[in-house]
There are 2 protein chains.
Amino acid sequence: MSITDLKFDIDRDSKTPLWLQIRNELFNCLYRDELRPGQLIPNEKTLVELFQVSIGTIRKAVGVLEKEGFLIRKQGLGTFVFQHDNSSFLFEYFHFALNGTEKQESPTVEFISFETKKASKAEAESLNIPTGSAIYRIYNKLGLNKKFYIVDKIIISQDKFPGLNEEIFKNRANTIYNLYQNKFNIFITNCSEKLKAITSNEKISKLLNIELGSPILKIDRIGQTYHNETIEIRTSYVHTSDIEYIHSQNSTFGESL
Amino acid sequence: MSITDLKFDIDRDSKTPLWLQIRNELFNCLYRDELRPGQLIPNEKTLVELFQVSIGTIRKAVGVLEKEGFLIRKQGLGTFVFQHDNSSFLFEYFHFALNGTEKQESPTVEFISFETKKASKAEAESLNIPTGSAIYRIYNKLGLNKKFYIVDKIIISQDKFPGLNEEIFKNRANTIYNLYQNKFNIFITNCSEKLKAITSNEKISKLLNIELGSPILKIDRIGQTYHNETIEIRTSYVHTSDIEYIHSQNSTFGESL
DNA sequence: CAGTGGTCTAGACCACCCT
DNA sequence: GGGTGGTCTAGACCACTGG
């Protein structure tokens with residue numbers, strides 16, 4: 001079943017603009033997996049026929065989805081569905097750089113452990129599952145410049161990742177979000193991070209080889225998929241002696257143009 | 001001299017798209033202060049005549065400037081130059097909320113001190129002025145929910161703020177960025193923040209009424225104006241017992257529509 | 001080369017806001 | 001009612017990509 005065979009419900013009398021209706025229809029195709037990550041979507045002329053609107057309206061709808069990060073337009077090639085991979089992922093969700101530098105390098109990742117556990121009350125609430133449900137708890141170490149500064153704890157519901165095990169997790173060729181997407185059909189669409197300063201406990205001190213009670217940056221990240229469904233809870237413990245968390249807000253884009 | 005009297009250099013044979021040329025011309029008007037914060041810019045029909053292009057091209061240029069944050073379009077009213085003020089500023093550059101909540105409240109601000117000093121080497125480098133140049137060093141306390149959690153240290157060059165003194169600073173009716181903009185013609189266009197976890201020293205402990213050596217979130221913010229000229233160095237020391245630094249990345253905008 | 005998205009035109013009509 | 005930006009049309013032509 002190709003998307004070009006589908007029938008779409010466009011209501012020309014609706015108060016909702018045509019471009020937004022089309023954007024929503026296309027968005028639902030992504031959500032329902034009728035358009036899959038990396039896939040080429042129909043060209044603009046085809047979409048014009050499919051939706052029976054003018055090309056400007058199609059361009060507006062596709063433009064919004066591109067701005068939102070779901071589609072990528074490439075002139076001369078076509079429009080593709082975004083996918084998480086090594087080249088695009090890191091600089092979206094990895095926010096650290098060595099002191100005084102701007103973001104550049106990819107971190108090195110080292111596996112620590114993979115366990116099956118039961119969800120605590122807080123974890124269950126975040127993941128919207130019953131307390132005590134089966135979850136996976138995964139620990140990783142991340143480093144820059146050959147030294148490890150970050151410990152990541154990942155909590156995911158077993159229900160959403162049937163068949164996942166330590167081997168599959170360790171042997172992934174790409175990023176973790178790419179694994180979710182390709183093997184489990186789960187596409188992380190947005191993240192929210194909350195940062196605090198705490199003191200390191202014994203476990204973190206040992207893993208990062210630092211003194212007990214050192215100041216540590218703790219980051220609680222919630223990873224969600226379509227319609228704000230929470231998929232992953234990731235807690236990072238970061239020793240910020242040599243690295244910094246970077247957050248830039250530029251209103252500018254075109255000064256260099 | 002109104003903008004409608006200006007002559008613009010639009011090159012129809014250039015490789016640069018018309019909409020980008022127009023965007024850059026308008027941007028330069030902002031930079032050169034020919035269009036001032038809060039001001040209504042000419043309507044689309046007037047811009048069409050001014051630049052001798054079709055309305056779609058104008059809309060593209062203005063749309064980009066709006067996305068960049070420099071202009072604000074209001075249907076039925078017109079298009080205005082963005083200005084920092086109490087209503088729009090806070091939720092752009094204030095990133096804290098009480099534990100477990102999302103961002104909502106405005107912080108309360110309390111003045112601590114205003115001093116004239118000489119720039120240290122690091123400060124001078126950031127501000128691109130000679131070491132030892134005259135600067136202002138200002139301390140503020142910020143709080144949420146009637147308790148203070150944040151100490152802000154602001155460093156600015158005296159050269160860029162002629163006539164600034166403690167009275168003017170304290171008696172500002174609006175935000176600090178609004179003061180820069182209205183009294184000194186300096187418009188902050190972008191910020192970059194770098195976060196670390198440290199332990200509190202004596203000064204910070206006393207100001208925030210916490211134990212010496214408590215874990216503290218330290219934020220180094222660089223505030224810049226057009227063409228990446230650094231205007232302000234702001235260092236925040238945050239006691240994150242009851243509040244969190246929030247950073248969301250949403251690719252989505254339209255799920256609620 | 002054929003096919004893609006990017007730019008641009010010259011309008012019409014609608015929704016919104018203020019007086 | 002008069003003015004603003006928002007939506008939409010039905011094209012033409014250009015720039016880029018891959019084979």
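In what follows, chains are A, B, ... by sequence order, proteins preceding strands, each numbered from 1.
Between B:Asp13 atom CG and D:dC14 atom P the separation is 12 Å, expressed in whole Å. Following rounding to the nearest Å, A:Gln21 (CD) and D:dT7 (P) show an atom-to-atom distance of 12 Å. For the pair B:Ile58 CD1 and D:dG6 C1', the computed distance is 16 Å after rounding to whole Å. Note: NZ (B:Lys15) to P (D:dC14) measures 16 Å, nearest angstrom. As rounded to whole Å, 12 Å separates atom C1' of C:dA2 from atom CG of A:Asn43. In this structure, the CH2 atom of B:Trp19 is 6 Å from the P atom of C:dT7, given to the nearest Å. Straight-line distance from the CZ atom of B:Arg59 to the C1' atom of C:dC14: 13 Å, rounded to whole Å. For B:Ile22 and C:dT9, the CD1 to P distance is 8 Å, given to the nearest whole Å.
Between A:Tyr31 and A:Phe27, the ring planes lie parallel to each other; the angle is under 30°, not in the 30° to 60° tilted range. Aromatic ring orientation, B:Phe96 versus B:Tyr245: perpendicular (interplanar angle above 60°, classes split at 30° and 60°). Between B:Phe161 and B:Phe184, the ring planes lie perpendicular to each other; the angle is over 60°, past the 30° to 60° tilted range.
Counting any heavy atom pair closer than 4.0 Å across all strands shown, A:Lys45 reaches no nucleic acid atom.
Annotation: side chain of A:Ile176 is not in contact with side chain of A:Val109 (no heavy-atom distance under 4.5 Å).
For A:Tyr177 and A:Tyr93, the distance between ring centers is under 6.0 angstrom.
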Shorter than 3.5 Å, N or O on both sides, protein versus nucleotides 10-13 of chain D: list them out with atom names.
from	atom 1	to	atom 2	distance (Å)
D:dA10	N7	A:Ser54	OG	3.2

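Remark: B:Tyr136 pairs with B:Phe114 by the ring pair (Phe, Tyr, Trp, His ring centres under 6.0 Å) rule, at least two apart or across chains. Partners of B:Asp220 by side-chain hydrogen bond (donor to acceptor under 3.5 Å, both in side chains), not counting sequence neighbours, listed by chain and number: B:Lys218, B:Thr235. With sequence neighbours excluded, the residues satisfying side chain to side chain contact (heavy atoms under 4.5 Å, CB included) with A:Glu229 are A:Lys160, A:Thr225, A:Ile231.
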May I have the list of side-chain donor-acceptor pairs in residues 36-44 of chain A shorter than 3.5 Å, sequence neighbours left out?
from	atom 1	to	atom 2	distance (Å)
A:Arg36	NH1	A:Asp33	OD1	3.4
A:Arg36	NH1	A:Asp33	OD2	2.4
A:Arg36	NH1	A:Asn185	OD1	2.9
A:Arg36	NH2	A:Asn185	OD1	3.4
A:Gln39	OE1	A:Arg36	N	2.8
A:Asn43	OD1	A:Lys45	N	3.1
A:Asn43	OD1	A:Thr46	N	2.8
A:Asn43	OD1	A:Thr46	OG1	2.8
A:Glu44	OE2	A:Arg59	NH1	2.7

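Summary of the strand contacts: B:Glu44 and A:Thr16 both lie near DNA chain D, and taking for each the nucleotide with the nearest heavy atom, the more 5' one is attributed to B:Glu44.
A heavy atom lying under 4.0 Å from DNA chain D marks the following residues of residues 72-79 of chain B, by number: B:Arg73, B:Lys74, B:Gln75, B:Gly76, B:Leu77, B:Gly78, B:Thr79.
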